[in-house]
Each structure stands twice: as structure tokens, then as C-alpha cells.
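First the structure, in the form of C-alpha cells, and then the observations on it.
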There are 2 protein chains.
Amino acid sequence: MATTGSNGQEARAASVKDVAALAGVSLGTVSNVLNRPDRVSVQTKARVETAMAELGFVRNESARQLRAGRSNALAYIMLDGSNPFFTDVAQGIELTAEAHDLSLFTCNSGNRTDRETVYLSRLEQQRVQGVLITPVDPDDKALDELPRRGTPVVIVDRTRSTNTHCSVAVDDVLGGELAVSHLIELGHEHIAYIGGPNTLGQVRDRRRGAHKALADAGLGPDHLVDITTDALTVDEGRKAGERLAGRPASNRPTAAFCANDMLALGLLQQCVALRMAVPDDLAIVGYDDIDFAAAAAVPLTSVRQPRRELGRRAAELLLAETTDPNHEHQQVVFTPELVVRSSTRR
Amino acid sequence: MATTGSNGQEARAASVKDVAALAGVSLGTVSNVLNRPDRVSVQTKARVETAMAELGFVRNESARQLRAGRSNALAYIMLDGSNPFFTDVAQGIELTAEAHDLSLFTCNSGNRTDRETVYLSRLEQQRVQGVLITPVDPDDKALDELPRRGTPVVIVDRTRSTNTHCSVAVDDVLGGELAVSHLIELGHEHIAYIGGPNTLGQVRDRRRGAHKALADAGLGPDHLVDITTDALTVDEGRKAGERLAGRPASNRPTAAFCANDMLALGLLQQCVALRMAVPDDLAIVGYDDIDFAAAAAVPLTSVRQPRRELGRRAAELLLAETTDPNHEHQQVVFTPELVVRSSTRR
DNA sequence: GCCTCCATTTGAAAGGTTTCATCAAAACTG
DNA sequence: CAGTTTTGATGAAACCTTTCAAATGGAGGC
């Protein structure tokens, strides 16, 4: 083991040149051992490999990339690292990347445009093969720049008004419809829709679905009570619960449809705190079907999105775009599915 | 806007050389604009910047790194991306990295040694400034290699028998002690400890703390019933609940201390399913105090670890190690804190 | 003994950025 | 106005890997 000096801090990392010198071969041969081992005689190969081991040689990825002109990495910019929905999507992407022998860099914008911008620019500078992103605002012009300069960008779990990118999403209108139809079937006619802010396309689409379900059942839009939140978090769910409970019992919805599970879990918690029985006093439907939804003490009925599949497909679209030069942008839309549990049904 | 050809696929990305040519200056000047703008006259700077904009110039990070000998990125290899505890730790790291203008790459080993190895090696090849890792096995020899070759590695939320690395952890023995003392104070004398597998140091340490609490209260070790699980997941928590419920009421613990919150949430869910009241029939204490613990329908008493702080401190240690050549490895140990909620107290 | 073929190995060039010693010109100093 | 300092710009070298055309040497054919 060739440690130098005091505590293993090498003066300089060993390069192919050093390996070549020690093994008594040319630089090109070392490279051949690394990249085309079959073109090298067994003896030379062995000699080079011993030299590498002795020097603790580590390939320099920067130099490799510089030469190759691109890296072998993908990146996913997540909207909210603390929401399990996104980590599950990331898992789907990761598996696909792994299958193609690519690294995946996971970044977290935390709902902040500035962070998103910084990451986009850094990743472009890294020359990643492509970027998957769940953007803060899918219509942001900044998302056009990378593709224009040759780095493909795929939009995940959002859709864009223009089809300048590939995108993978789930039909949110249908999801809202499923949720509310289910509640109507159970006899609920006074339903709260909890979600916000309204700038989020998904919040709007899911509400639209809810209205559609009402209309199909011959109920007017006034049967849906809008409770707008500031964010899709557990904490906002709790606050929504307070607002709901604050209404006189006569004018209180008997069911709530939440724009995501984090809200629903907060609402559920508040219900318990305020001694409102779920589902008897209030039936609850969430959205996303994160693992914690099933694990809630009153397991949550939720609209399931195929999270890992979403990630997998997005990664595949990205890879298709990187390989095929004249590629047509595709908008993939998955179908959500209602998972019924105790929060709506005894 | 200098798009060429059909759909924005540039023939070749513009380089400093192209910018220099277009701006009519030398290559070195372009570099100066980028790195020491004050050494360049305003006019030249303006000219260069226009040229950059026109060509859509994007710095090539590989070349930069190659020249610099190292990247400006850190990496965190998480043990389990689906456990919010780790994503919170990651957030702490991220904020520190951001403050120092470094990128953070988050990787997920998913509890698999092979993935961990692949990531370690890739990150070393990328010449990241250092690696933060919550390893599958903190005593794995593989963790020695990177530091030996000059890439610092900091161990997060684990401790190692030898002090060859910096590490940041929380006192798990104390945590176990806090949890069980609390239960004893509430009058429980028959307590289940749910956790596993026993290869995990944390599972062992927390049990040790539990026994310590018993001893301090003058109770023998037989007052703690061991229920060993295969993993620290919600699902395993449910199974543990079944096992617990399977015992004759006369010999059933009145309280359970779970090695983490995922287990506790699973257990809680199973209790509800089996109509065991929490905390009346079974009091539950979890560990980690993830956000979902407070949001559970019976809010969970839990041992809080300073998650973001853990990440923050780990990142700082890493940065200290990268800058200070003869740096002494430090073992930072945080103190956990008991957060009492309804799952143990009415 | 000459020629061809094949398996190995070689050496140079390229890729884009940064740095640094050097130069040129302009701005002062006295 | 000659000499000196300051400011701004330059060009070459270095970072490390990969690739590819060319060279080497040995085996086999005639």
C-alpha cells in the first residue's frame, strides 16, 4: 500500500501516466487495460493491474468526461424532498438509471425557484445527459433553455401548456373525479375540497375533477366547499381541520377530499384531537397514496398514482431523447386509481 | 439566439475559444471575465459577455474540474431514501453545502452494500470534495479506502469502533433510557422492545439504554420483552403488533418501545385494527420523531434526534477536514430528547 | 529468406478550462 | 520628457483520459 507522508494525504493522485511508468508500458496500453481489456496480452494486463493497485489509481472522471464530451449521469430535481411521493418517484428513476449504468444525482429544490435555477445551471455545466424535473412552475421559461442548447429535460408529474418537452403525468381531473364519485356513492352530498395554493395546476385539476363528479351525479357546484390552503403540508391540513370544525354542525361537510396525503394526514390528526370520528363524522379521501397513508391509525382512502412507474417512464423518455436525434416529444398520462380504506368506509 | 439546425441540437457546444474568437480577444481574457472580472476593462467585459450570450456559452465543468483537480461538490449516501429521518438529515447537509456554494449530490444505497460500494467508487472518481455517509455497516473496511487516498469521509448517525473518521451521532443508549424511564414513570412494568435486526448498532444501543432504565428503577431485565424484527419498516411494525396481540392478556406488555418511528407507526396501525386502545391498552414510544409521528392519528411519543443539526454538523466536519491538512478526527455525539404525546399519555 | 498477416503496443493529438509569466500600452512622477 | 508604475491583455502550458493511425515483432506460408 503506497501511502505517503503522515496520514494518507497523497501529494497528488496517481494518473494513468504514473501507472504506465511503473508498469513499464505506454500510456495507451494502460487505457486499453481500462477500456478494451481483450486487446491486451494477459501478462501486460496483469502487470498494469498490479501497478494500479500499488499506486491506488482512481480514474479521473472529469478527464474522461472532458474527452467524451458528456457525463454518464442523469439528474432529478425534486420539488419537495420531505414528501415521500417524490422520493418514491426518485426511486423509480434510480432503478432505470441503474439498469442503464448511469449515475443519478438527486437534487431538491424545496419549492424554491432560485434553488431550481441554480441546480439547472449547475447540471448543465456538468454536462449531464439529461434532467428530470418536477418544476415549481411548469410554464417557467427557464425550462426551455437547456433543451435549446442540447440537454434534454423531461417534466415529471406536471404538464405544460406547450409540448416543448417530454412529460409524464397522471390524469388529475380523473383522480379528483374518482375521489368525489366515491364519496357521493357513499351518500355524501356536502363535500369539502381542501387544497392550495391555487397556482398549482394539480390543485386546480383535482378540483375540476371533483366538480365533474358532482355534475355527473346531478349535484350543483355549491355542494363542494372550497377550503384553500397555503401549501400541501401536514401542518396546513391541521389548520384546515380547525376551519372545518369551526363551522356550525348544520353547515358542516360530511366528507373531505384533500389535494394530497400530507394535508389529509394533518386533517385526520386534527379530527382526532377535536373528537370528530373518522369516517362517521367526517369521511376523508387523500391523494398520492404514500406509504404513510395506509399506515395512518385510520388508514386513509387515497387516490393512488403509480409513483415508481412515473419515475421509470420519465427516465425512459429521457434516455430515448438522448439517443434518438430527431425525437418527437411525448406526453405520457397515467391513470390514477382509488384505494379505499377505513377513512371513508367502516 | 443562436440555435442551429432543426430542433436546437447544437453541432457542438460553444467553448471559451469560440467566445474569444467572436469577441476578438484572447482565450485568457475570456477566462478572466469568468473568474476575475475586476481585472478586465468594462468594455472588453461587455463585449465578451455579449459573445457568450450570443453563442449560448455554458462553462464546461469537467474541464474546470480537471484543471482544478477537484470538484465543488459534496455527496451524501443515504441509507434509506424512504425514511423521512434521512431526508431530513440530507436537508441539513444541503443547507450547509449551499452556504458554502457547494453542490450536494444525494445518493440512496437503500440498505444495499453493493449500491453503497458503487456510489463510493463513482464519487471518488468524480473527485468530490468529500463524502458523507450513513453506512450499511459502519465497520466496513471499504470506508477506509477513500480517506486513505485523500477523499475525506464522515460517518453520519453511526459510530465506528475505530476513530479513523469524523462521525456525528446521537447517544442511542441515552435515548433508550429516556424512552423507558418515561414508561416506568407512567407505571408500566412490563415493556416490549421492538426492533431489529440485531446487527444494527443502534438497535443494540437503544436496547441497552432500555435495560439501564429498568435497572435504575430497580426492575430486572425480565421486565423487557424482546420482539425482534427483520427491518425497521412500517410493515415489520404491523407484524410485531400481531405478535404482541397473540400473547395471552395476562402476559402481554402494557407498553412498547420501538427502535424507530416507522415500526411504531406500523404497530399503532395494527393496534387500531385489532381494537387495542392506545395508550390505554398499549402505550407506544417511537424513535426519531419524524414529522409523521406527530401527524399520526394518535400522535406518537418519540425520542427526537436533532436531524437537520446532525446533517449540518456532519457537513461542517467534512468541510473542516477538507481545508485543514492536519486535522484531528472528531466524534460528535448529540443528546436526544423525549417528546411526549398522546400515545403514552391521555 | 522474403512476404503477409495478426496480435500487441505505441505516441501523438484532442478535449475546454485555468493559471502565470510576459508584454504592451497607458497613466503617472518628478 | 525620460523613467516608472499600473492596468489590461496575451499565449503557452498543464490537468488526465481516450482514440486512432502507425509501428513493432513474431508466426506462418511459399
Electrostatic pair A:E94-A:R308, nearest N-O below 4.0 angstrom: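 So A:E94 does not pair with A:R308 through a salt bridge.
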Under 4.0 angstrom, heavy atoms only, what part of the nucleic acid is [X] near: base, sugar-phosphate, or nothing?
X     : answer
B:T44 : sugar-phosphate
A:R64 : sugar-phosphate
A:N35 : sugar-phosphate

Regarding [X] and [Y], is there a side-chain donor-to-acceptor distance under 3.5 Å anywhere?
X      : Y      : value
B:R70  : B:Q129 : yes
A:D139 : A:S161 : yes
A:Q125 : B:R59  : no
A:S103 : B:R122 : yes

Non-hydrogen atoms of B:A13 and A:R127 that approach each other most closely: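 Closest approach of B:A13 to A:R127: CB-NH2, 4.1 Å.
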Distance, rounded to the nearest Å, where [X] contributes [atom1] and [N] contributes [atom2]:
X      : N      : atom1 : atom2 : answer
A:L27  : C:dT8  : CG    : C1'   : 16 Å
A:R39  : D:dT18 : CZ    : P     : 15 Å
A:R36  : D:dC20 : CZ    : P     : 8 Å
B:N60  : D:dC15 : CG    : C1'   : 13 Å
A:Q43  : C:dT8  : CD    : P     : 9 Å
B:D38  : D:dG8  : CG    : P     : 9 Å
B:Q125 : D:dT17 : CD    : C1'   : 12 Å
B:E61  : D:dC16 : CD    : P     : 16 Å

DNA chain D-proximal residues of residues 15-25 of chain A, any heavy atom under 4.0 Å: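 When residues 15-25 of chain A is checked for heavy atoms under 4.0 Å from DNA chain D, the hits, listed by number, are A:S15, A:V16.
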Comparing A:L34 and B:S41 on DNA chain D - which has the more 5′ nearest nucleotide: B:S41
5′-ward residue of the pair B:L66/B:N32 relative to DNA chain D: B:N32
Please confirm whether the shortest side-chain N or O distance from [X] to OP1 or OP2 of [N] is below 4.0 Å.
X     : N      : result
B:T29 : D:dT10 : yes
B:S62 : C:dG15 : no
A:R59 : D:dT18 : yes
B:R67 : D:dA13 : no

B:F57 and its side-chain contact (heavy atoms from CB on, under 4.5 Å) partner, picked from B:V30, B:L34, B:V48: B:L34
Nucleotide nearest B:S31 (side chain, heavy atoms from C-beta), chosen from D:dA9, D:dT17, C:dT18: C:dT18
Minimum-distance nucleotide (side-chain atoms of B:V40 versus D:dC15, D:dA9, D:dT18): D:dA9
Heavy atoms from other residues, nucleotides or ligands near CZ of B:R112 exceed 12 (cutoff 6.0 Å):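 Check passes, neighbour count above 12.
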